[in-house]
Amino acid sequence: MRAVPVVPVREFRQVHLPAPLNTASTRERLRETALSAGVDAFEIRGQRIFAKGVVGVVDTGAIVVEILPKVRSDSSTGEDLAFLSNLLQYAGGGRLPALTQAAIAAQSGGLLEILLAWAARRVADGIREGLPRRYSERVEVSTSVRGRVDLRRLAGQHPGRTLDLTVRHAPLGQDNHVSRAIKWLVRDIGRRTRSIGTRTLCLRLLDEMGAVPDRELSLEALDCAALNPFEERWAPLLALARAFMAQHLLNPARGGGVSAVAVLLTLHDLFEGAIRRVLAEGLPSLGHDLLSGRAGHLLLGSGRPSIVGLRPDFRIGRVGQRGTVVVGDAKWKRILDKGGSPRIVEDDAYQVTAYAAALGADRAFVVAPVSVTPVLRQEDYRIAGIDVPFQFVGVHVPTLVEGGPAGRELRRMLCEAVAAVPVEASDGQTAPAIALPVAL
């Protein structure tokens with residue numbers, strides 16, 4: 001099998017394509033493949049192409065581009081990949097792939113092969129616990145009464161076939177939308193992978209799923225594959241299957257074009273997911289709760305429907321009480337410089353200010369990543385007019401999502417900063433929280 005070049009690139013950096021493939025058609029093909037996954041991952045500037053603030057992999061069939069986050073200016077590809085692994089695991093609650101572990105098995109197969117190998121192993125683990133089972137209605141000809149007899153078909157039967165009954169019944173089995181989607185995903189992984197080990201595993205899994213019929217799958221059928229609370233382990237696999245299915249739509253202008261696929265995640269969504277998990281787990285011990293659901297509207301109509309919905313990234317209330325106490329927003333951008341001073345544009349402050357005023361919150365904050373020590377930085381201001389405290393919080397994300405003591409301490413400190421919990425100094429006086437240093 002012909003080797004396909006793998007090009008690693010960091011977020012917001014130029015993609016350096018190999019000389020034979022550095023063409024306008026290759027650049028456009030990369031951008032189109034990413035867009036087919038619903039993510040605008042590249043920006044074309046003349047004869048150059050740049051990655052945006054996303055992570056993941058784009059495989060056009062002729063070239064593979066891996067987009068990694070940047071831990072720091074001098075970090076290695078291994079460090080960036082390890083950080084992405086921790087971020088995926090933490091933000092996804094352990095349901096997303098552990099890239100550093102999978103990379104050992106995938107060797108030099110690239111990030112796409114790592115994702116495909118993870119998905120195949122995830123299916124294998126799920127099958128050991130049992131495929132989803134549903135009561136699915138069937139219509140079949142039987143010589144015994146099972147379920148409901150179709151009297152209309154019975155009345156129209158030819159003489160001599162009185163023992164053949166057309167019946168409708170709903171047995172419990174593995175022939176359902178979820179199992180079909182999982183089988184389709186395994187077959188698609190086996191077709192895409194360039195790894196002999198992953199393809200062998202897929203063939204074994206297809207044999208184990210022999211009770212699930214081979215049927216064509218559509219996006220509409222995939223959307224019907226609703227999961228019950230006991231089947232949540234299949235959720236990331238169904239999401240991956242939907243992403244692959246959406247990219248099976250062929251481009252009519254490229255007859256005979258090679259198959260392409262993109263698996264991409266925005267860093268903003270991953271960052272927001274990580275902060276959400278930190279607050280959800282840490283705030284209850286401080287007497288606060290992370291609230292969910294819509295927060296109402298900004299413009300209230302008099303005799304007319306209210307408009308402009310309020311959807312802050314974070315709404316925090318006190319345990320046992322109603323109402324929003326703190327509102328916050330996550331920004332995947334460098335807001336705090338090395339000296340700790342904010343470099344903020346109007347939009348970064350306007351949005352949270354509107355949330356705080358409309359919801360009557362006592363405090364507001366913006367949380368963003370920092371790349372230098374200390375791992376927690378705070379800058380405090382007040383919003384003019386409504387006199388509400390406004391805080392900029394910078395966190396070192398690689399430390400935040402790690403599982404060691406430094407990560408646990410930083411998560412605790414972030415919750416205390418957001419909830420405005422005072423820290424007692426050694427002399428008994430109240431003192432500001434001290435940022436935890438980390439060696440980079």
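We use all heavy atoms of the structure for the numbers below, so side chains are in, but hydrogens, waters and symmetry mates are not.
- Applying the side chain to side chain donor-acceptor pair (under 3.5 Å) test to Arg10 and every residue at least two apart in sequence or in another chain returns Ser75, Asp80.
- Contacts of Leu203 classified as side chain to side chain contact (heavy atoms under 4.5 Å, CB included), with partners at least two apart in sequence or in another chain: none.
- When the side chain to side chain donor-acceptor pair (under 3.5 Å) test is applied to Thr23, the partners found at least two apart in sequence or on another chain are Ser25, Thr26.
- In this structure, the salt bridge (Lys or Arg N to Asp or Glu O under 4.0 Å) partners of Arg276, at least two apart in sequence or on a different chain, are Glu272.
- Applying the side chain to side chain donor-acceptor pair (under 3.5 Å) test to Asp329 and every residue at least two apart in sequence or in another chain returns Lys331.
- Qualifying salt bridge (Lys or Arg N to Asp or Glu O under 4.0 Å) partners for Lys70, counting only residues two or more places apart in sequence or in other chains: none.
- In terms of the side chain to side chain contact (heavy atoms under 4.5 Å, CB included) criterion, residue partners of Asp214 (sequence neighbours excluded) are, by chain and number, Lys183, Arg187.
- Looking at residues two or more places apart in sequence or on another chain, you find a side chain to side chain contact (heavy atoms under 4.5 Å, CB included) between Pro389 and Arg363, Arg382.
- In this view, Arg204 and Glu208 satisfy the side chain to side chain donor-acceptor pair (under 3.5 Å) rule, not counting sequence neighbours.
- Every side chain to side chain contact (heavy atoms under 4.5 Å, CB included) that Val319 has, sequence neighbours left out, goes to Asp289.
- With sequence neighbours excluded, no residue forms a salt bridge (Lys or Arg N to Asp or Glu O under 4.0 Å) with Arg311.
- When side chains are defined from C-beta on, Val55 does not count as touching Leu87, because their heavy atoms never get closer than 4.5 Å.
- Not a single salt bridge (Lys or Arg N to Asp or Glu O under 4.0 Å) links Glu346 to another residue, sequence neighbours left out.
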